[in-house]
Amino acid sequence: MAILEELSEQEIIRRQSLDELRNLGIDPYPAAMYPVTHTTEDIISNFESMSSLQTNVCVAGRIMARRIMGSASFFELQDEKGKIQVYVKRDDICPGEDKTLYNTVFKRLLDIGDIVGVKGFVFRTQMGEESVHAQELTLLSKSIKPLPIVKEKDGQVFDAVTDAELRYRQRYVDLVVNPHVREVFIKRSKIINTMRDFFNSKGYLEVETPILQPIPGGATARPFMTHHNALDIPLYLRIANELYLKRLIVGGFNGVYEFAKDFRNEGMDRTHNPEFTVMEIYVAYKDYFWMMEFTEEMLERVALALHGTTKVTIGDKEVDFKRPFRRLTMTDAIKEHTGVDITGKTEDELRKICKDLGVDADETMGKGKLIDAIFGEKCEHHMIQPTFIMDYPIEMSPLCKRHRSNPELTERFELMVNGKELCNAYSELNDPIDQMDRFQDQLRLSEKGDDEAMFIDLDFVRSLEYGMPTCSGMGIGIDRLTMFMTNQPSIQDVLFFPQMRPEKKAQKDTAEAYTSKGIPADWVPVLQKMGFNTMASLVNVAPGKLFNDICGYNKKNKLGLANPSMDDVKRWVEQ
RNA sequence: CGGCUCGUAGCUCAGCUGGUAGAGCACGUGACUCUUAAUCAUGGGGUCGAGAGUUCGAUCCUCUCCGAGCCGACCA
C-alpha cells in the first residue's frame, strides 16, 4: 500500500532493493575498504597509454547515468575528479552459469546515485568513448533517495539544478549534481593556502585566539551572546580577534596571524552571513605604508596562484591586482568625486556639506561618521580597481594610531576593490593613555545614542601599558576575497553551508492520537493523506463531506478498507 | 524592515477568464551484446508551499502565514 506511506514510490522501491540485496547475501553497506588504484582523472589524462596496454584499474564512485541494454550496458561513474564511462558485459561480470549479478543486481537493484567499485581494464569503445571495461562490480553504498537527474550532451547541460534553496540547504546534492560548484571551494582553499604560505615564508606565526570572549572587542558590531554555566557569566562570540592578536605582539611575537571565524548578529544579504571568515595579521616594527606593500604582494600572489595572471573578471568588470595599487587619501577621494575639500571643516560645516551633497546625516553623527557617509555614498562605488584609501578621521578608528602629521586623522587604510571594502589596516595604536581616551570617547558616543560604539577592554589597555612595539595590522574578509577571485555574486556561493532559516516540518499527530479517539488505525494514513495531519484539524469538519471524501478515497485507490458508518465519522469530528 | 518575483510528480518546467492537473527526464514491467540527453513498447506516480475567505465548486481570485530569490533600507 505504497500510496499511504510517507515515502515516494521511488524511495520505497529502493528500500525494497535493499532487502533484496541482503537476501542475495550482498551487504549494501559493506565495511571493508575498497582498493581504489586510480581516479577518473588519472585514466582520462593517461588514456592513450593505458588503453593500449589495457591497464587494469580499480575505480570507485557514484553511478550518475545508466544505459542498459540486453546483456551489455554502460554507466557513468563519477568520482571526486570527474566522470568515466564503464562498460558492463553480462558474461564478463558473471562468468559462470549464475547471471544474477548482472540481470538482477546490476540491472534492477542498482540505481543512479549508488556508490560502486569497478575493477577492469581501460579501453576505448567503438564510438570512441574513453571507458573502463568492468570485470568485477562491487556495491559500496546504496542510495535510497533519488538524486536530481541532470543530463549532459557535448558539454551542454540539461535540467540543471538551479533552485537556490535546494543548493544551499542540501549542499551535498549540489556538489554531486553540479560538479563545477566544487571548483569554487577548491579555489577558496587555494586562496587560503597561498596566503598562509606567504605569511609562513616571512616567519610569521599562525595562532588561535578565543572565540568565546567576555568582552566582544576589536570592531563595532552587535555580537551573539551566550552563557557559561560553570562560571555563570555571559560570553560573546567574537566579532573580531584584533585585541588578542595585539596582546601577542605585546608578548613578544614579531608577526602573528589567524584565519578566524567571526560572528555578527546583524542582517543577512548577498554579502553578509552571520558567521564569516577573516584573516588578521599583525607585524611588529612596521607601519601602514609597509602594510600596503605587503597587502599588494599578498593579493598579487593570490591572483597569480589562482588564475596565472593578475587580471580577474568580476561581473562585467576586469580587475587587475598587479602591484602597485593606487593610493588616495580619503580627503582626496572626496575631493575627486564631489569637488569638496573637507580639510579642517567643523562638524557643523560637514553637516551642511552633507546636506548640499544630498547625503543623509542626523544629529547623532560626529565628524567621523559624517565624513564616512560622504565617502560611502559618493566615492566608494567608483573604486573598481584596487585602491588604497588612506587617512581616516580619528573618530572612526579608535584602535588606530594618530596620523604622524595630522592629529585629526589616523594612519589607516582600506583597500577598495569593485566598489567594496576588502581590507582594513592600521598603524596600530600603542599609546595606552591615548587608547584609554579613545575608548572613553566611544563610551560617550554610545551614551549619545551610537549603538555601534566599542566596549572598553581594560585588560587590553593594561597590556599596552607594558609596552607594545610599533606595529601594523591588517584584516581581510576571506569570503569577500573569494567572491572576487572566483567571480561569485553571492556570499552563499563561497560558503559550503550558508545560514538559512530552519526548515519546518508539517506537524503531524501520531497514530495513537487518532486511535485513542476511536479512529481505526487503518484510516489514519488516509486522513493524513487528505491533509488532516492533526486531531485538531478534524474539529468542526462537516461530517458528511468527510464521510464522502474518505469513502471515495478508499474506493478510488482500491484500498479495500471497511468504510466507517456516518455515525462513526460524526464521533470523530466531535472529539 | 519595505517593494517585486517565485513555490505544481524525485528533478526541470508547462497549465488554468475558477470545473481537483500535463510534458520530458527519473521510476516499474518487457525488448535489445559498443551505448552515450541510448532506443522501442507499456505502466504507475500529485495534500498544485500552509491556513482562512469568496464560490455550488479554488492549483487559479482575495487575505494571512511559511520558505526562497532579486532590489532598496539598515548594518559592515
Side-chain angles (χ1 to χ4, degrees), chain A residues 2-3 7-14 16-17 64-76 83 85-92 102 107-108 111-113 123-131 133 143-169 173 177 219-222 239-240 262 264-274 276 278 360 372 376 380 414 420-422 424 451-452 475 477 479-480 489-490 492 500-507 526-533 537 545 549 552-553 556-557:
Chain A
I3 194 165
L7 299 170
S8 71
E9 182 190 35
Q10 294 191 47
E11 288 173 293
I12 291 159
I13 288 164
R14 288 188 181 210
Q16 287 167 351
S17 299
M64 295 305 286
R66 305 201 301 161
R67 293 181 282 278
I68 292 183
M69 291 162 296
S71 54
S73 303
F74 295 88
F75 69 88
E76 300 282 337
K83 284 183 194 169
Q85 175 174 271
V86 177
Y87 177 59
V88 183
K89 196 169 165 186
R90 185 187 62 203
D91 297 338
D92 286 350
Y102 182 81
K107 283 173 76 173
R108 197 157 63 77
D111 293 286
I112 289 173
F123 82 115
R124 192 187 288 279
T125 64
Q126 289 172 13
M127 300 299 288
E129 175 98 4
E130 294 120 340
S131 308
H133 188 129
S143 162
I144 59 169
K145 214 168 176 61
L147 279 173
I149 302 298
V150 179
K151 296 271 184 176
E152 195 186 331
K153 187 183 188 182
D154 302 332
Q156 198 187 347
V157 175
F158 300 85
D159 300 333
V161 174
T162 54
D163 177 39
E165 191 162 3
L166 191 156
R167 289 190 49 225
Y168 300 148
R169 282 193 200 278
V173 173
V177 302
T220 53
R222 288 214 303 277
I239 56 174
D262 287 348
R264 298 189 181 177
N265 201 346
E266 292 170 349
M268 291 165 55
D269 59 36
R270 209 176 70 254
T271 57
H272 296 86
N273 196 64
F276 58 101
V278 171
D360 283 341
D372 190 39
E380 210 174 67
E414 289 192 353
K420 304 261 166 39
E421 174 202 330
L422 180 61
N424 185 21
D451 57 3
E452 295 188 330
D479 309 295
R480 193 165 285 181
S490 163
Q492 293 164 306
M500 301 285 276
R501 278 205 158 76
E503 290 177 274
K504 270 196 198 152
K505 279 192 150 177
Q507 196 188 331
V526 177
L527 288 167
Q528 293 198 335
K529 194 76 184 173
M530 301 193 67
F532 299 105
N533 284 323
S537 65
K545 178 167 168 55
D549 285 350
Y553 191 93
K556 179 182 170 195
N557 292 293

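Quick caveat, the model's predicted, so the values are computed rather than measured. Atom set for the values below is all heavy atoms of this structure, side chains included, hydrogens, waters and symmetry mates excluded. Here is how names work: the chains are called A, B, and so on, in the same order as the sequence lines, proteins then strands, and each is numbered from 1.
Here A:Ala160 lies in heavy-atom contact (under 4.0 Å) with sugar-phosphate atoms only. Using a 4.0 Å heavy-atom criterion, one finds that A:Glu421 contacts the bases of the nucleic acid, with or without backbone contacts as well. Residue contacts shown for A:Glu11 are absent, as no nucleic acid heavy atom lies under 4.0 Å away. Residue contacts shown for A:Leu147 are absent, as no nucleic acid heavy atom lies under 4.0 Å away. Contacts of A:Asp154 with the nucleic acid, taken as non-hydrogen atoms under 4.0 Å apart, are absent.
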Polar atom pairs (N or O), protein with nucleotides 6-9 of chain B, under 3.5 Å:
none

Considering only nitrogen or oxygen atoms on both sides, find all protein atoms under 3.5 Å from nucleotides 23-25 of chain B and state each distance.
unit_1: B:rC25; atom_1: O3'; unit_2: A:Lys151; atom_2: NZ; d: 3.2

Pairing string, 5' to 3', for RNA chain B - Watson-Crick or wobble contacts under 3.5 Å, brackets [ ] where pairs cross, | to another strand:
(((((((..((((.....[..)))).(((((.......))))).....(((((..]....))))))))))))....

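B:rG44 and B:rG49 are spaced 25 Å apart, taking the C1' atom of each and rounding to whole Å.
The ring-ring contact (aromatic ring centres under 6.0 Å, His included) test applied to A:Tyr102 returns A:Phe106, not counting sequence neighbours. Remark: A:Glu76 pairs with A:Arg67 by the salt bridge (charged side-chain N to carboxylate O under 4.0 Å, His left out) rule, at least two apart or across chains.
Side-chain atoms of A:Gln10 and A:Ser8 form no donor-acceptor pair, as typed in the model, at a separation below 3.5 Å.
Judged by centroid separation below 5.5 Å and plane tilt below 30°, A:Phe74 does not stack onto the base of B:rA38.
Within the structure, no pair that satisfies the side-chain hydrogen bond (donor to acceptor under 3.5 Å, both in side chains) test touches residues 147-164 of chain A, not counting sequence neighbours.
For A:Glu152 against B:rU36, a side-chain-to-base donor-acceptor contact under 3.5 Å is absent.
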